[in-house]
Amino acid sequence: MQSESSEQVRSVVAAADTRGKHRISAELKRLEQETRFLEEELELLDKMEKASAACKELLSNVETRPDPLLPVTHGPTNPYWDRWFEGAQDASGCRCWIL
């Protein structure tokens with residue numbers, strides 16, 4: 001009877017051990033794959049040009065071209081529009097109350 005129970009324990013331990021080995025093996029493969037992916041990404045980053053140079057180029061392209069959605073104006077089209085952005089000329093003339 002005792003030999004049968006010890007055999008059952010051994011079979012359970014062996015089954016648990018193979019699942020543990022498989023789990024460890026799968027985790028190891030996942031880590032190796034992630035390592036390869038990161039190494040490839042680092043190689044691509046090494047081959048890229050500096051970000052500041054690319055930003056300067058993009059900025060110069062954006063600044064030199066006018067926005068197609070905005071009309072081209074030279075100065076204010078209506079000089080009375082400027083009064084909204086200048087502020088009050090004197091405090092007594094301002095009737096706006098900020099609560």
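This is a predicted model, so every value here is computed, not measured.
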Residue list, side-chain contact (heavy atoms from CB on, under 4.5 Å) with Glu32, at least two apart or on another chain: Leu28, Arg36
Apart from Phe37 itself, residues in the same hydrophobic cluster as defined by side-chain heavy atoms under 4.5 Å: Leu38
Glu27 atom CD, over 12 foreign heavy atoms within 6.0 Å: yes
Hydrophobic cluster (4.5 angstrom, side-chain heavy atoms) - remaining members for Leu58: Val62
Sequence-distant partners of Glu34, salt bridge (Lys or Arg N to Asp or Glu O under 4.0 Å), two or more places apart: Arg30
Side chain Ser25, main chain Lys21, donor-acceptor under 3.5 Å: no
Shortest non-hydrogen contact between Asn61 and Thr64, atoms and distance: O-OG1, 3.2 Å
Counterpart residues, salt bridge (Lys or Arg N to Asp or Glu O under 4.0 Å), relative to Glu40 (two or more places apart): none
